[in-house]
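On a predicted model such as this, the values are computed, not experimentally measured, just so you know. Quick note: numbers below take in every heavy atom, side chains included, and nothing from hydrogens, waters or symmetry partners.
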Amino acid sequence: MDPDLLRAQGLVPESVALATVPGLALRIGRRAALMSEPAGRVHGVVMSLTLAELNRLYSEPSVQAYRPEAVLAHLDTGEVVAALCYNLPDPPSSGERNPDYIAKLRKVAEKMGLPAAYVSSMG
């Protein structure tokens, strides 16, 4: 997620940090989803939002299907924190593609400083 985009929507993300979550893999179709993958590792951003902000954010039609899942996020500082990861209940099929979404996701990932090899593997 892009904290600047969230701020533009009137949300107030705090404690923004880069993180990884082992045991998951990213799959991108029309939207992004995480799937269980024992040898996998996803990279992303952890931030604090209030419950009211989360409810508002995930009430948007484009993301209403996402559901919160508990994960252990490994911050770049070495700290491990419990976090909610909003994820699709059913990942996209392997043949599903959305090149525009992939390009936007890569742009945000680059802006946030995710590893270059991970960004290039998206899509």
Side-chain angles (χ1 to χ4, degrees):
M1 287 205 160
D2 182 345
D4 293 332
L5 178 61
L6 295 177
R7 287 183 194 100
Q9 295 178 15
L11 305 177
V12 185
E14 296 181 354
S15 305
V16 178
L18 295 181
T20 60
V21 177
L24 296 175
L26 178 66
R27 180 175 286 171
I28 304 171
R30 286 185 298 266
R31 304 293 286 179
L34 301 177
M35 312 172 16
S36 179
E37 176 64 49
R41 177 174 296 273
V42 293
H43 297 264
V45 179
V46 172
M47 62 187 79
S48 295
L49 292 169
T50 67
L51 183 57
E53 288 173 319
L54 288 169
N55 289 337
R56 191 170 118 215
L57 179 63
Y58 285 96
S59 69
E60 296 285 326
S62 65
V63 292
Q64 279 182 338
Y66 284 78
R67 299 291 176 252
E69 295 179 8
V71 297
L72 290 177
H74 298 246
L75 304 183
D76 280 2
T77 62
E79 185 180 5
V80 179
V81 298
L84 286 180
C85 172
Y86 281 74
N87 198 14
L88 289 172
D90 298 309
S93 69
S94 59
E96 192 178 315
R97 294 277 181 255
N98 182 340
D100 291 335
Y101 183 76
I102 292 169
K104 288 176 185 175
L105 190 60
R106 283 181 174 166
K107 188 173 183 175
V108 169
E110 288 172 348
K111 174 184 174 182
M112 296 309 301
L114 299 186
Y118 184 73
V119 175
S120 66
S121 74
M122 292 178 173

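- Under the 4.5 Å side-chain criterion, counting only non-hydrogen atoms from C-beta, Val45 is in contact with Val16.
- Met112 places a side-chain heavy atom less than 4.5 Å from the side chain of Pro3.
- With Thr20 as reference, Arg41 is the one residue of His74, Arg41, His43 to meet the side-chain hydrogen bond (donor to acceptor under 3.5 Å, both in side chains) rule.
- Within the 4.5 Å cutoff, side-chain heavy atoms of Lys111 are placed close to those of Asp4.
- Atoms CG and CZ, from Leu84 and Arg67 in turn, are 13.5 Å apart once rounded to the nearest 0.5 Å.
- In terms of hydrophobic clustering, with Ile, Leu, Val, Met, Phe, Trp and Tyr side chains grouped at heavy-atom distances under 4.5 Å, Tyr86 and Val63 are assigned to a common cluster.
- Note on Met35: it does not cluster hydrophobically with Leu105, by side-chain heavy-atom contacts below 4.5 Å among ILVMFWY residues.
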Checklist entry - So Met1 and Leu57, side chain to side chain contact (heavy atoms under 4.5 Å, CB included) or not? Walk me through it. => result CA-CA 11 Å; Met1 287 205 160; Leu57 179 63; 3.5 Å; yes

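- Within the 3.5 Å criterion, the main-chain N or O of Pro92 finds a donor-acceptor partner in the side chain of Arg27.
- Linking ILVMFWY side-chain heavy atoms closer than 4.5 Å, directly or via other members, places Leu18 and Val108 in a single hydrophobic cluster.
- Distance check: Met47 CE to Ser15 OG gives 10.5 Å after rounding to the nearest 0.5 Å.
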Next on the checklist: Assess the residue pair Tyr101 and Arg31 against the criterion (side chain to side chain contact (heavy atoms under 4.5 Å, CB included)); give the C-alpha distance rounded to whole Å, side-chain angles, the decisive distance to 0.1 Å, and a yes or no.
Outcome noted: CA-CA 7 Å; Tyr101 183 76; Arg31 304 293 286 179; 3.6 Å; yes

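- Between Arg106 and Ile102, the closest side-chain pair of non-hydrogen atoms falls below 4.5 Å.
- Residues Ile28 and Leu24 share a single hydrophobic cluster, defined by chaining ILVMFWY side chains whose heavy atoms lie under 4.5 Å apart.
- Open room surrounds CZ on Arg30; 12 or fewer heavy atoms of other groups in view lie less than 6.0 Å from it.
- Clustering ILVMFWY residues whenever any of their side-chain heavy atoms sit less than 4.5 angstrom apart, transitively, puts Leu49 in the very cluster that holds Tyr66.
- Checking side-chain atoms of Glu37 against main-chain N and O of Gly23 turns up no donor-acceptor pair under 3.5 Å.
- With contacts defined as side-chain heavy-atom distances shorter than 4.5 Å, the pair Leu34/Glu69 does not qualify.
- Listed for the Glu110 side chain is no donor-acceptor partner under 3.5 Å among the backbone atoms of Val119.
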